[in-house]
Amino acid sequence: MAQPHLAPGQIGSVLPLGSRLAQTPSYALLKAPQLEVIRMVLPAGKTMPGHQVAGEITVQCLEGVIDFEIAGQSQRMRQGDFLHLAGGVAHQLTGVEDASALVTICLA
């Protein structure tokens, strides 16, 4: 069952999922005309293949460990790490440990 998007003014949680991580799919917390916010779940060993988005993005690692690759250079993100990326930049993510991240995409 898909998670419903948060309504304006509604509070949602981005606390670590812990033992529920393996059973939780990635889902959009909100999608508005200019902004999308996603709770991305990335199990250990899973790769989100190289891609790019038109707008700027931010990624905050909420739990676990993620390898974030940009132009062939890999950076390791751990809980609490934050990354900003300009629009149009190709990138790839790989779960080193079961992980979840808060991803914000500027759509306009």
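These numbers come from a predicted model, not from an experiment.
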*Asks:* Atom CD1 in Ile66, atom CD in Glu97: separation rounded to 0.5 Å?
*Replies:*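 The distance works out to 10.5 Å.
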*Asks:* Applying a strict under-4.5 Å side-chain criterion to I, L, V, M, F, W and Y, I'd like to know whether Leu17 and Leu42 cluster together.
*Replies:* no
*Asks:* Looking only at non-hydrogen atoms, find the nearest pair between Gln23 and Pro25 and report the distance.
*Replies:*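 Closest approach of Gln23 to Pro25: O-CD, 3.6 Å.
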*Asks:* Quick one: does Leu85's side chain get under 4.5 Å of Phe68's, heavy atoms only?
*Replies:*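 Yes, at least one pair of side-chain atoms sits under 4.5 Å.
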*Asks:* Working to the nearest 0.5 angstrom, can you tell me the gap between Leu93 CG and Thr47 OG1?
*Replies:*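 If we round to the nearest 0.5 Å, Leu93:CG and Thr47:OG1 are 9.0 Å apart.
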*Asks:* Residues in side chain to side chain contact (heavy atoms under 4.5 Å, CB included) with Val14, at least two apart?
*Replies:*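 For Val14 the side chain to side chain contact (heavy atoms under 4.5 Å, CB included) partners, ignoring immediate neighbours, are Leu29, Arg39, Leu62, Leu102.
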*Asks:* So which atom in Ala44 and which in Val96 form the shortest heavy-atom distance, rounded to 0.1 Å?
*Replies:* CB-O, 3.7 Å
*Asks:* How far apart are the closest heavy atoms of His5 and Gln10, and which atoms are they?
*Replies:*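 Heavy-atom minimum between the residues: O-OE1, 4.2 Å.
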*Asks:* For His51, enumerate each residue passing the ring-ring contact (aromatic ring centres under 6.0 Å, His included) test, keeping only those at least two apart in sequence or located in another chain.
*Replies:*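 His51 satisfies ring-ring contact (aromatic ring centres under 6.0 Å, His included) with His91 only.
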*Asks:* Considering all heavy atoms of both residues, which atom of Gln52 and which atom of Val89 are nearest to each other, and what is their separation?
*Replies:* CB-O, 3.6 Å
*Asks:* Set out, in order, the CA-CA distance, both residues' side-chain angles and the distance that settles side-chain contact (heavy atoms from CB on, under 4.5 Å) for Thr94 and Glu69, then state yes or no.
*Replies:* CA-CA 8 Å; Thr94 301; Glu69 186 178 316; over 6 Å; no
*Asks:* Output, in order, the C-alpha distance, side-chain angles, deciding distance and verdict of side-chain contact (heavy atoms from CB on, under 4.5 Å) for Ile38 and Ile105.
*Replies:* CA-CA 8 Å; Ile38 301 164; Ile105 304 169; 3.9 Å; yes
*Asks:* Do Ile57 and Phe82 share a hydrophobic cluster (ILVMFWY, side-chain heavy atoms under 4.5 Å, transitive)?
*Replies:*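 No; Phe82 is not reachable from Ile57 via cluster members.
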*Asks:* Linking I/L/V/M/F/W/Y whenever any side-chain heavy atoms sit under 4.5 Å apart, do Leu35 and Val103 land together?
*Replies:*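 No; tracing contacts between hydrophobic side chains, which count when under 4.5 Å, never links both residues.
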*Asks:* Tell me every residue that passes side-chain hydrogen bond (donor to acceptor under 3.5 Å, both in side chains) with Ser26, counting only those two or more places apart in sequence or in another chain.
*Replies:*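 Partners of Ser26 by the side-chain hydrogen bond (donor to acceptor under 3.5 Å, both in side chains) criterion come out as none, since no residue qualifies.
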*Asks:* Quick check for you: to the nearest 0.5 Å, what is the distance between Glu36 atom CD and Leu30 atom CG?
*Replies:* 8.0 Å
*Asks:* Can you name the closest pair of heavy atoms from Met40 and Met48 and give their distance?
*Replies:*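 Taking every non-hydrogen atom into account, SD-CE, 3.4 Å.
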*Asks:* Under 3.5 Å, is there a donor-acceptor pair between the side chain of Glu56 and the main chain of His84?
*Replies:*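 Side chain of Glu56 to backbone of His84: no pair is present.
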*Asks:* Would Val41 and Lys46 count as a side-chain contact (heavy atoms from CB on, under 4.5 Å) here? Give the steps.
*Replies:* CA-CA 10 Å; Val41 175; Lys46 182 176 179 187; over 6 Å; no
